[in-house]
Structure formats: C-alpha cells, structure tokens
Amino acid sequence: MELPDFDTLKHWALAEPERLDALLHQQIEALIAQVGPDQQRRLRGLQFRIDCQRRLARNNLDSCIRIANMMHDSLYDMRRHIVHLQEESLTQAEERVPPDNVILLADHFRSK
C-alpha cells in the first residue's frame with residue numbers, strides 16, 4: 001500500500017487524527033504479517049507495550065519520550081548481556097591457557 005503524501009498526512013494529524021491512527025495500525029499489521037509466526041508473537045507483544053505507553057502519555061511528545069526510553073532500555077540490556085557473554089568467553093579462554101612452559105599434547109600433534 002502506498003502512503004498518502006506529506007500534506008495529506010499533516011492534514012490528518014491536525015484534523016482527523018483517528019484516520020492517521022487507522023493508517024498507522026494498518027501499516028503495523030502489514031509489517032507484522034510479513035514475518036514468521038514466532039516473530040509475529042514477539043512483535044505483537046512489543047506493539048502492545050508501545051500502545052500502552054502511547055495511551056499513558058499526556059501528549060505526543062511524552063509518547064515519543066516514553067518510546068525512546070523503551071528503546072534505550074532495550075539497547076542497554078542488550079549491551080549488558082553482550083558484555084557479560086564477552087567476560088564469560090574471556091574467563092573460559094583464560095582457564096584453557098596452560099602455564100608458559102607446558103605444551104598440550106593435543107596441540108603438539110595438531111601442529112605436525
């Protein structure tokens with residue numbers, strides 16, 4: 001589906017916000033329909049959380065800030081998990097390193 005031009009969208013935002021909201025939900029549903037069932041479930045859950053934040057917001061700017069905070073929190077959590085995995089990986093690698101003067105027999109045979 002092709003989107004209306006900018007002026008039409010601007011008019012809807014000022015005069016017919018329910019029409020713009022209907023277009024938004026139509027576009028969201030079309031996007032979610034393009035992915036597999038497992039991703040659809042996750043995306044619908046995420047969209048539910050976004051819709052809740054929009055309903056709780058006092059105005060459009062508050063809504064934008066709330067959604068931006070959700071994205072920031074998600075990014076922070078993802079970064080924290082990546083750092084944790086990297087630390088685990090380094091710890092495991094350090095555990096496997098033998099003392100300086102020891103050659104592992106398996107490594108010796110692989111090098112020949």
Side-chain angles (χ1 to χ4, degrees):
M1 175 187 165
E2 191 171 315
L3 291 175
D5 61 62
F6 176 79
D7 291 329
T8 303
L9 293 173
K10 182 179 173 184
H11 170 73
W12 289 355
L14 297 172
E16 304 176 61
E18 64 283 343
R19 193 168 178 185
L20 187 62
D21 200 45
L23 176 65
L24 172 67
H25 287 291
Q26 183 182 18
Q27 291 293 312
I28 291 169
E29 285 302 318
L31 183 66
I32 291 175
Q34 293 177 5
V35 299
D38 291 340
Q39 267 76 24
Q40 281 185 10
R41 185 169 183 246
R42 289 180 57 109
L43 288 175
R44 288 190 195 288
L46 178 59
Q47 187 59 47
F48 175 79
R49 291 180 54 213
I50 291 169
D51 290 341
C52 287
Q53 291 301 319
R54 288 181 68 210
R55 283 187 207 106
L56 290 171
R58 293 182 302 263
N59 54 44
N60 288 338
L61 181 59
D62 186 32
S63 174
C64 183
I65 292 169
R66 286 170 176 265
I67 294 168
N69 285 338
M70 282 178 58
M71 291 188 301
H72 187 271
D73 291 345
S74 178
L75 183 63
Y76 177 77
D77 287 343
M78 186 171 51
R79 184 183 183 287
R80 191 169 38 99
H81 287 297
I82 289 172
V83 167
H84 178 72
L85 289 172
Q86 287 174 334
E87 288 172 353
E88 280 184 5
S89 178
L90 286 174
T91 303
Q92 290 174 355
E94 289 171 357
E95 291 172 358
R96 285 186 257 143
V97 175
D100 292 338
N101 62 349
V102 176
I103 299 173
L104 295 176
L105 192 57
D107 291 341
H108 176 73
F109 285 124
R110 275 190 223 127
S111 65
K112 290 191 175 203

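To the nearest 0.5 angstrom, Ile82 atom CD1 is 7.0 Å from Gln86 atom CD. To the nearest 0.5 Å, atom CG of residue Leu20 and atom CG of residue Leu14 are 10.0 Å apart. In this structure, CD1 on Ile28 lies 3.5 Å from CD on Gln47, to the nearest 0.5 angstrom. Note that the NE2 atom of His11 and the CG atom of Asp5 stand 11.5 Å from one another [nearest 0.5 Å]. Atoms OH and NE2, on Tyr76 and His81 in that order, are 10.5 Å from each other to the nearest 0.5 Å. Note: Arg49 CZ to Arg66 CZ = 13.0 Å, rounded to the nearest 0.5 Å.
Here the closest non-hydrogen pair linking Asp62 and Leu56 is OD2-O, 4.4 Å. Minimum interatomic distance between Leu23 and Pro4 (heavy atoms only, all atoms of both residues): CD2-CD, 3.9 Å. Residues Arg54 and Asp21 come closest through the heavy atom pair NH2-OD1, 3.4 Å. Here the shortest heavy-atom pairing between Val35 and Gln40 reads O-NE2, 3.1 Å.
Asp77 meets the salt bridge (Lys or Arg N to Asp or Glu O under 4.0 Å) test with Arg80; sequence neighbours excluded. Residues passing the side-chain contact (heavy atoms from CB on, under 4.5 Å) test with Leu75, sequence neighbours excluded: Met78. For Cys52, the side-chain contact (heavy atoms from CB on, under 4.5 Å) partners at least two apart in sequence or on another chain are Phe48, Arg55. Among residues two or more places apart in sequence or in another chain, the side chain to side chain donor-acceptor pair (under 3.5 Å) test is passed with Asn69 by none. By the salt bridge (Lys or Arg N to Asp or Glu O under 4.0 Å) test, Arg19 pairs with Glu16, sequence neighbours left out. Listed by chain and residue number, nothing satisfies the side-chain contact (heavy atoms from CB on, under 4.5 Å) test with Arg41 (two or more places apart in sequence, or in another chain).
Between His25 and Asp51, some side-chain heavy-atom pair lies under the 4.5 Å cut-off. In this structure, Gln27 and Leu31 have side chains that are not in contact, with every pair of non-hydrogen atoms separated by 4.5 Å or more.
Side chain of Ser74 to backbone of Met70: no donor-acceptor contact under 3.5 angstrom is found.
By the criterion of side-chain heavy atoms lying less than 4.5 angstrom apart, applied directly or through intervening Ile, Leu, Val, Met, Phe, Trp or Tyr residues, Leu46 is grouped together with Ile67 in one hydrophobic cluster.
Inspection of the His84 and Glu88 side chains reveals an N or O donor paired with an N or O acceptor under 3.5 Å.
Here Arg42 does not pair with Asp38 in a salt bridge; the nearest charged N to carboxylate O distance is not below 4.0 Å.
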